[in-house]
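To start, the structure itself, in structure tokens.
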Amino acid sequence: MPMRYRIDVHTDEQRQRQQLEDDVRRGMTARPKSLPPKYFYDRAGSLLFERITELPEYYPTRTESSLLAEILPDLVGQFLPDDIVEIGSGTSEKTRRVLDAVSRGGRPIRYVPLDVDRLTLETSAERLLRDYPDLTVHAVVGDFERDLGHVPAPAGRRLAMFLGSTIGNLDEPEQRRLLAGLRDLLREPGDRVLLGVDLVKDVKTLEAAYNDSAGVTAEFNRNILRVVNRAVDGDFDPEAFRHVAFYNERAARIEMHLMAEATHAVRLRRLGLTVGFLRGEAIWTESSYKFTRPGVESLLDATGLRLHRWHVDPANHFALALIRPA
Ligand code: AVJ
């Protein structure tokens with residue numbers, strides 16, 4: 001394993017904790033109150049998210065996954081990467097589809113996953129190395145909004161993937177900044193970015209995906225309060241907040257909030273902060289922007305990238321954008 005595996009750690013626990021404290025203080029003293037969605041994903045939150053991806057109402061993951069399977073034969077027919085970067089790789093489940101398609105005939109492939117969670121990276125790297133004998137893994141522990149510069153230079157033709165519509169959790173300026181960062185990961189005109197985006201569609205389908213009947217998304221939303229409690233010695237009662245998710249049509253985004261059921265106060269001891277809530281007051285926990293093809297094209301303007309191919313599923317729910325240097 002040592003010859004085929006390397007991990008670079010660019011965000012240590014100390015720094016992550018400081019960042020979280022700063023983010024919680026800022027969010028809890030802002031109007032409206034808010035928390036960054038990246039804090040959903042502790043162990044429990046990651047498991048809840050995995051359960052979300054299996055819900056009948058939550059179409060994005062399975063749609064992207066089958067779309068990926070469908071386009072891969074054609075994609076690797078035109079473009080066979082040697083080097084695959086994946087931003088926010090998580091459990092690397094969809095990566096296997098890509099590796100299956102590119103690692104024919106013992107070609108050496110390098111996989112460069114970047115994720116905030118070291119344990120997740122190590123576990124999935126170990127599994128991939130076991131199953132793909134011609135693979136090397138250069139894992140990077142880091143925050144994709146801050147650490148893209150630590151991704152190693154390409155080893156051959158590069159495919160940089162940012163899947164799952166995770167880009168939709170960022171506001172537009174941050175979306176552009178991220179895309180410009182992805183551009184900097186490419187070197188040759190033939191290198192590509194593969195971006196997964198959830199599409200604008202009817203409100204019913206969108207809202208059902210974030211208000212599942214089993215209540216898993218509600219639990220996922222409330223879990224962020226447990227993460228905050230642990231990090232800053234807080235006494236949030238997650239059950240005192242109601243899960244609220246709706247489509248904001250003007251802004252083309254799902255918004256998730258946690259609404260206080262009663263007027264009460266919460267103590268965040270490590271921050272020396274007491275936060276008051278009025279009945280009905282909400283914490284904004286997530287935006288999940290929905291995209292259109294022209295929207296993605298205009299987003300790519302001024303990032304040094306342009307749309308090469310646009311793949312959608314038959315129901316027009318989700319898109320995989322294959323993107324090239326401009
Ligand atoms: C797949 C991480 C982008 O916005 O759909 C699922 C996470 N939030 N249900 C999304 C999520 C609520 C999510 N991302």
Side-chain angles (χ1 to χ4, degrees), residues 34-68 86-95 113-117 120 143-145 161-172 174-175 178-179 194-201 203-227 238 241-248 251-259 282-291 295-296 299 313 317-321:
S34 66
L35 288 168
K38 65 177 168 184
Y39 297 123
F40 283 129
Y41 302 94
D42 67 343
R43 253 301 177 72
S46 299
L47 289 171
L48 284 165
F49 177 65
E50 255 176 69
R51 284 176 58 200
I52 288 174
T53 65
E54 289 154 10
L55 293 167
E57 297 96 333
Y58 194 78
Y59 59 86
T61 310
R62 76 176 66 89
T63 307
E64 181 181 50
S65 207
S66 54
L67 192 53
L68 192 56
E86 187 172 14
I87 305 305
S89 49
T91 54
S92 299
E93 270 317 310
K94 286 168 241 174
T95 317
L114 181 143
D115 200 276
V116 274
D117 187 37
T120 303
D143 179 331
F144 59 66
E145 288 200 80
M161 307 194 296
F162 193 36
L163 301 175
S165 205
T166 305
I167 193 168
N169 289 154
L170 306 177
D171 290 320
E172 201 179 306
E174 288 75 33
Q175 291 174 10
L178 190 103
L179 287 167
L194 188 64
L195 179 72
V197 290
D198 195 12
L199 298 175
V200 170
K201 62 182 65 62
V203 177
K204 244 184 92 177
T205 303
L206 283 169
E207 292 192 338
Y210 295 83
N211 291 284
D212 64 280
S213 56
V216 183
T217 309
E219 263 324 294
F220 173 75
N221 198 2
R222 289 190 195 99
N223 182 63
I224 203 168
L225 300 180
R226 297 193 182 91
V227 174
F241 290 82
R242 179 151 42 105
H243 167 71
V244 176
F246 57 88
Y247 187 57
N248 176 337
R253 67 186 177 217
I254 288 281
E255 294 184 15
M256 292 212 311
H257 302 264
L258 287 165
M259 187 184 283
I283 306 170
W284 191 350
T285 51
E286 185 179 60
S287 295
S288 185
Y289 286 87
K290 306 306 166 188
F291 297 84
V296 169
L299 203 55
D313 63 297
H317 281 175
F318 201 93
L320 281 171

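Just so it is clear, the structure is predicted and the values come from calculations on it, not from any experiment. Atoms within a ligand are numbered from 1 in the order they appear, just like the ligands themselves.
In terms of N/O distances under 3.5 Å, ligand 1 is not approached by S165. Annotation: K290 places no N or O atom under 3.5 Å from an N or O atom of ligand 1; distance criterion only. The distance criterion of under 3.5 Å between nitrogen or oxygen atoms is not met by T166 with respect to ligand 1. The shortest N or O to N or O distance between E286 and ligand 1 is under 3.5 Å.
Ring pair Y59/H317 is tilted by interplanar angle, where 30° to 60° counts as tilted. Using cut-offs of 30° and 60° on the angle between ring planes, the pair F220 and F49 is tilted.
Across all non-hydrogen atoms, the minimal contact from T217 to A209 is OG1-O, 4.2 Å. Nearest heavy-atom pair across A245 and M256 is CB-CG, 4.0 Å. The shortest non-hydrogen separation linking E207 to Y247 is OE2-N, 2.8 Å.
In this structure, F241 has its ring center at least 6.0 angstrom away from the ring center of H257.
Here N169 has side-chain heavy atoms under 4.0 Å from ligand 1, and that is the only part of it that gets that close.
Put simply, part of G164 is less than 4.0 Å from ligand 1, judged by heavy atoms. Assignment of F40 to the shell around ligand 1 is not supported, since no heavy atom sits closer than 4.0 Å.
Considering Y289, Y59, Y210 only, the shortest heavy-atom separation from atom 5 (O) of ligand 1 involves Y210.
Of all protein heavy atoms, the one lying nearest to atom 13 (C) of ligand 1 is Y58 OH, 3.6 Å. Of all protein heavy atoms, the one closest to atom 4 (O) of ligand 1 is S288 OG, 2.6 Å.
The side chain to side chain contact (heavy atoms under 4.5 Å, CB included) test with F144 singles out one residue from I167, T166, V116, and that residue is T166.
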